[in-house]
Structure formats: C-alpha cells, structure tokens
Amino acid sequence: MGCWCCRQWLNPVHHNAGPDQFVFVLAQTIMKARLKGAQTGRNLLKKKSDALTLRFRQILKKIIETKMLMGEVMREAAFSLAEAKFTAGDFSTTVIQNVNKAQVKIRAKKDNVAGVTLPVFEHYHEGTDSYELTGLARGGEQLAKLKRNYAKAVELLVELASLQTSFVTLDEAIKITNRRVNAIEHVIIPRIERTLAYIITELDEREREEFYRLKKIQEKKKILKEKSEKDLEQRRAAGEVMEPANLLAEEKDEDLLFE
Amino acid sequence: MKSNLHILPSTTDLKIHLQTTDYGNFLNNQTNPLTVSKIDTEMRQKLCREFDYFRNHSLEPLSTFFTYMTCSYMIDNVILLMNGALQKKSVKEILVKCHPLGRFTEMEAVNIAETTSDLFNAVLVETPLAPFFQDCMSENTLDELNIELLRNKLYKSYLEAFYKFCKNHGDVTAEIMCPILEFEADRRAFIITLNSFGTELSKEDRETLYPTCGKLYPEGLRLLAQAEDFDQMKRVAEHYGVYKPLFDAVGGSGGKTLEDVFYEREVQMNVLAFNRQFHYGVFYAYVKLKEQEMRNIVWIAECISQRHRTKINSYIPIL
C-alpha cells in the first residue's frame, strides 16, 4: 500500500517507529501543500473559464446581429445589381476584364482575452477606384449605388469573418479549460485528499501502536517486578537471604578499630 | 401582357405566360431552374435571328442603315476585345461574351495584335468602325487612352456619322430618325455630365465626349461642360423647351431618376415612328423597343426571383 506519488515513503516496515514517523509527517506536510496548490489552481482556471465564457456569449450575440444585417445588406446589394443592369445594360464583362489588383485588403491583428489570443481582421483600402468611369454613358448613378452597397457588404463580411474565427478559437479554449478544471476537481483533488487521509490514519495507527507497546511493556515490567518481590519475600521468610550490610543502620562495624 | 406579369409567383410561371405572346416557345429547350440570365440570352438570340432575317432581305441603302445600327454593338465588342487582347486573355471566352448583333468577320483575328495600334492597323481598318477611329485620334494616342474614354469617343463619331447619313437620305426617314438621334446625342451629353461629377474627368475631356449632332450644340454643350452639379445642369436644360419638362419630372413621386425619364422619352419617340409608313426608322424603332422590352422582362424576372416585389412596377411601359 502506498500513495502513487510517494511510494517510497509509505513503505510500512514494522520496525522501530522512530525514523518512519518523521517521514510520515514530512509526507503529510507536502501533501497539504499540494492540496492547497491544486485548489488555488482550480479556482484560477475556473475564473479563466468564466471570463472566456462571458466573452463567448458576447461574440455569439454579435454574430447573430451581424448575420441578420448581412442578409439584409446582401439582398439590397443583389437588387441594386439588378437595377444597375436594367439601366446600364450588361457591364459584367467590362468589369471582369478590368480586374487587376485588389482594392480592399485585410490586415490580421491579435486580441488577448484572459490569455487566449484571438485573431481580428481589419480591412483597408488601397489604390484608386479603377471603375470610376464605367457607366459614364449610361447608368452611372446606379453603378455608384451598386459599388457602395457591395462595399458595405464586403466590410460586413470581414467583420463576420473575425467574429467567427474568434468564436471557434474561444470554443476550443473554453473546452480545454473546462476539461482541466474538471480534471483537477474530480480526479486530482480527491486523490490528494485520499492520500492525505491515509497518511493521517497511518500516523494515528502508529501512535496507537506506540501507545499499546508502551503499555504492554509497562505491564510486563510490573509483572516481573511483582514476581521478583514475591521471590524475595519467600527467600527472606526462608532465611536464605543475606541482607547486605546497611550502611546507614547504626550497627557495629567490625572493621572500625576505634569508636 | 406586362400588366399581369408582375403578379406571378415564380419564374416558371413567367415562362408559361410568355408562351402566349409573340415570344412563343423560345424557352422550351431550357431546363429548370430557369435563371434570369438564361431568359436574357434566349431573348437576345431571338432578337438576333429576327434582325438577321431583316438584314438578309434588304438592299441598298437599307443595308447601310442596318450596318449603322449594328455599329454601336460593334463598338462595345471591339472595346471588350481590345481589353482582352491587352491582358492576354483567351479570345474564345471573350467571343462568347460579345453582343451577337455586333459581330464582324475579323473578330477572331484580334488576338494576333500586341498593342492597340497593331490592332488598329491589322484588324480594325477593315471594319466599318475605321472612320470613327480615325476621327477621334491619331494612332499614337490609342495606347494611353482610358478604355471608357475611347468607347465614348467612338460612340460620338458613330452617332454623328449616322446622323449625317440619315439627313442625306432625306425624305420621311430623315424626318423620323433625325429627332431621335438628336435626342440620343443630347441625352448622352447630359448623362456623361451627370456621371462625371466627382470623378477625375476634366472639363475639357468631358467636352470632347459630347456628340455635336443634337439640339444642345453649340451653346448648350459649352454650358454643360462648365456645369459642376445637377442644378447647374438643370438650368442649362431649361433653355430648351423639350428638356425642361423632363428635368422637372425627375425626383417627384416614385423616385424617378434622370435616366428613367430619358428612357421613357426614347420609348415615346420610337413608338411614334410606327405612325408613318415607308421609311427606315421603323426598323430602328423596332429593335430599340424590343431591347427595352427585354430589359423590362429581365427586370420583372429578377424582382420575382429575388422576392423584391415593391419595385416590380418600375419598368418602362411601352404604349
């Protein structure tokens, strides 16, 4: 029998309790410290999990709002495309032919929530509008409106992308943290507590053993003493016992020449 | 026909409805789901077939008239091809996207040219578009010019040439076609001005894009070139009795834009062309009205498929 973490100290060898007991007490102190550490760790992790969950809920709400808005904006944009086609004719080939560089680009930044890094996307414009003169002869107004609508849609899309990546990352982080909290709470702490309880019971038992041993020895001594006294009485009664000279009794001492 | 189309719940119902009209069974070979672009392509092909039918039965000078009509589509196709050739795109995919009414025989040969001047020398010289190119610029400036500016300049010389042709032909054709073309010229001037507010197009450049065969020439065009916003443009229009009521109708109830107003006027003039007999204007009017009808049908179909019923009535009614 022994604890999984400190097997060598709980080797129950039944010999003199002295040095063993010392080792047991040491083990107990260490276990207590470990328990304290586990509990602190569990509390910290729980706090982290709570902070992450709070942020998670906020992001979820934002995602729902953005998605609804996205639906509206896309619908609006698709309709303005139809309007523009009605007025300006078919400009799709012109637009496709004139594509060279991207005008809207994205930068990725990092945001930190309770130790978890979340990516955040930010868009920026680069370069001039190469489609400024498209639709100069017909439908320019509708085309301008169309450009604005789709630009709005793209911005919303970028925001939605940031939100969704943070959502997924946070989800992972929360799962891991919760797993750790549960592990500490339901596995590690009970183990330590059981070990601690065992140590305490062992110590108690040792003490009891000590006590018992002492008592037994005392009893034995007492019996021996009674026995020897009885013996002595008997011999004295039989007159065999020579009492040693009592130095303190005032009797004549033969060796003394003078008085 | 138009009055019932906008209550239809889906595009397949649209197809059934169209079968009862002149369009007949043109959508029969299409499988479901019926998308708006399919409807559009089919209608355009039907128009093309009818146009080719007219053309094949025509003699001079009607055939020149027809050539002039196809020039506007040819201009668009040429711009597309030039763009594609400059960016080394495959010719086949661009050819598919060209407008069928604007076909000319040298189209496939476009990909051999490296620069626009090569293109001009090798290919475009043969087409009816050659004089328009020569009109606007010398060869050297072909390369640097912005594609949109080129397109508009070509259109300007085309319109002026067409106008001259109609005028020279005289007779009822001139009576019918010239006002229509004048209106087209002025309309382009207004729209170009409107769309160039806030862009990098300078006033001098803008002035070179105005066709000169309209009522606005010359004072109106000069005033327009100086205009900086919509109100100044409106003041220029007020000098001309024909355009004042059009500008007044802008805004108003129903939120009409200037372009909508212009479309309506064009449709009116085209319909009037059918009141006279024995002139070539009928063909022009027929094609233009057919195009407007196509646009209307596509608009209604888009509204139905995108479930945006509120604006379904903002098409341009004919008659």
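Because the structure is a prediction, the values reported are computed rather than measured. Side chains are part of it too, since the values below use all heavy atoms of this structure and drop only hydrogens, waters and symmetry mates. In the text below, chain A, chain B and the rest are named by the order of the sequence lines, each starting its count at 1.
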Verify the neighbour count for atom [atom1] of [X]: are there more than 12 heavy atoms of other residues, nucleotides or ligands below 6.0 Å?
X      : atom1 : value
A:E193 : CD    : yes
A:K36  : NZ    : no
B:R265 : CZ    : yes
A:K147 : NZ    : yes
A:K152 : NZ    : no
A:E126 : CD    : yes

Find the distance between [atom1] ([X]) and [atom2] ([Y]) and round it off to the nearest 0.5 Å.
X      : Y     : atom1 : atom2 : value
B:W299 : A:E83 : CH2   : CD    : 4.5 Å
B:Q292 : A:F86 : CD    : CZ    : 5.5 Å
B:D260 : A:T87 : CG    : OG1   : 6.0 Å

Task: Part of B:R188 lying under 4.5 Å from any heavy atom of chain A - done: side chain
Task: Proximity breakdown for B:F190 and chain A, heavy-atom pairs closer than 4.5 Å - done: neither
Task: Per-residue contact mode, A:Q142 against chain B (heavy atom under 4.5 angstrom) - done: side chain
Task: B:E302 side chain near A:F79 side chain, heavy-atom distance below 4.5 Å - done: no
